[in-house]
Amino acid sequence: MYGYIKGTIKMIKPTHIVLDNNGIGYLIIVPNPYIYKLEEESVIYIHHYVREDINNLYGFVSEEAKELFIRLISVSGIGPKSGLSIMATDNIDTVIYAIENSDVKFLTKFPGIGNKTAQQIILDLKGKLVIEEQIVRFGAMEDAENALLALGYSKREINKVLKNIDFNLSVEEIIKEALKKILN
């Protein structure tokens, strides 16, 4: 089992990279090989996938991305190819956010993911990807969270009140609502 491999990128192909580590070239299948540069020293987090006819190394830029991939391929109907298509998105937080908010439309935009598969992903993974202290927020909700943190409120207090506030409000409205709930 591999945790990660540190080495120099020697080859970049549409589906994989070759990482040289002490004279051994590891062929690593990655979601987006074009984020790497030739001759660049890199650390690639590895998932070694073995089945009766497959023995592949899948690589990711972070431990979190690797863990999300492992969770995705544990879902019935999701194999490494579909998992990689989802992981090719620039920001894994958006994938986690979509799963946590049951956003079937977002998930079905990836190749090989239909309505049934997207619903299965949500059913299997919702609530299992985010620890309460690591809730991912975007846009106005993220700005409001940062403002409340700057005011000295704890992450726990903020998470408690923001989860019940409409995310379509403006930053100011979200902060006002949050402060009302915190102070009551």
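Using a distance-only test at 3.5 Å, with no hydrogens or angles considered, a donor-acceptor pair links the side chain of Thr108 to the main chain of Val104. A donor-acceptor pair under 3.5 Å is absent between the side-chain atoms of Asn55 and the main chain of Val50, judged by distance alone. In terms of modelled atom types and a separation under 3.5 Å, the side chain of Glu100 and the main chain of Gly127 share a donor-acceptor contact. Distance alone, capped at 3.5 Å, is enough to place a donor-acceptor pair between the Lys66 side chain and the Ile46 backbone. Judged purely by atom type and a 3.5 angstrom limit, Thr117 has no side-chain atom pairing as donor or acceptor with the backbone of Gly77.
Around CG of Asn22, the count of heavy atoms belonging to other residues, nucleotides or ligands within 6.0 Å does not exceed 12. Sparse packing is recorded around NZ of Lys6, with 12 or fewer heavy atoms of other residues, nucleotides or ligands lying under 6.0 Å away.
Tyr49 has its side chain within reach of Ile73: a pair of non-hydrogen atoms, C-beta onward, lies under 4.5 Å apart. Annotation: side chain of Pro31 is in contact with side chain of Phe60 (closest heavy-atom distance under 4.5 Å). In this structure, Ile35 and Val30 have side chains that are not in contact, with every pair of non-hydrogen atoms separated by 4.5 Å or more. Within the 4.5 Å cutoff, the side chain of Glu41 has heavy atoms near those of the Thr8 side chain. Residues Val95 and Phe106 have side chains in contact (heavy-atom distance under 4.5 Å, counting atoms from C-beta outward). Side-chain contact between Leu57 and Ile44: absent, with no pair of heavy atoms (C-beta onward) separated by less than 4.5 Å. The shortest side-chain heavy-atom distance between Leu125 and Leu72 falls under the 4.5 Å cut-off. Within the 4.5 Å cutoff, the side chain of Leu179 has no heavy atoms near those of the Val161 side chain.
Closest approach of Ser82 and Gly112 over heavy atoms only: OG-O, 4.1 Å. Of all non-hydrogen atoms in Thr15 and Pro33, the two that sit nearest each other are N-CG, 4.3 Å. Heavy-atom minimum distance, Tyr34 versus Lys13: OH-C, 4.0 Å. Shortest non-hydrogen contact noted between Ile174 and Leu169 is CD1-O, 3.6 Å. Leu19 and Ser42 make their closest contact through CD1-O, 4.3 Å (heavy atoms, listed as atom of the first residue, atom of the second, distance). The minimum heavy-atom distance linking Leu107 with Ala118 is given by the pair CB-CB, 3.8 Å.
How far CD1 of Ile92 is from CD of Glu67: 10.0 Å, rounded to the nearest 0.5 Å. To the nearest 0.5 Å, atoms CE (Met87) and CG (Asn32) are separated by 11.5 Å. The structure places CD1 of Ile175 at 9.5 Å from CG of Leu162, a figure rounded to the nearest 0.5 Å. Met11 contributes atom CE, which lies 8.0 Å from atom CG of Leu27 (distance to the nearest 0.5 angstrom). The line from CG of Leu84 to CD1 of Ile78 is 11.0 Å long, rounded to the nearest 0.5 Å. The structure places CD1 of Ile158 at 3.5 Å from CG of Leu149, a figure rounded to the nearest 0.5 Å.
The side chain to side chain donor-acceptor pair (under 3.5 Å) check on Lys10 picks up Glu39, with sequence neighbours excluded.
Ile29 and Tyr45 are assigned to two separate hydrophobic clusters, defined by single-linkage of ILVMFWY side chains at heavy-atom distances under 4.5 Å. Tyr2 and Val43 fall into different hydrophobic clusters, where Ile, Leu, Val, Met, Phe, Trp and Tyr side chains are chained together by heavy-atom contacts under 4.5 Å. There is no path of hydrophobic side-chain contacts, each under 4.5 Å, that joins Val18 to Ile24.
Inspection of the His47 and Asn56 side chains reveals no N or O donor paired with an N or O acceptor under 3.5 Å.
A salt bridge does not link Lys176 with Glu173: every distance from a Lys NZ or Arg NE/NH1/NH2 to an Asp or Glu carboxylate oxygen is 4.0 Å or more.
Relative orientation of the Tyr58 and Phe69 rings is tilted, given thresholds of 30° and 60° on the angle between their planes.
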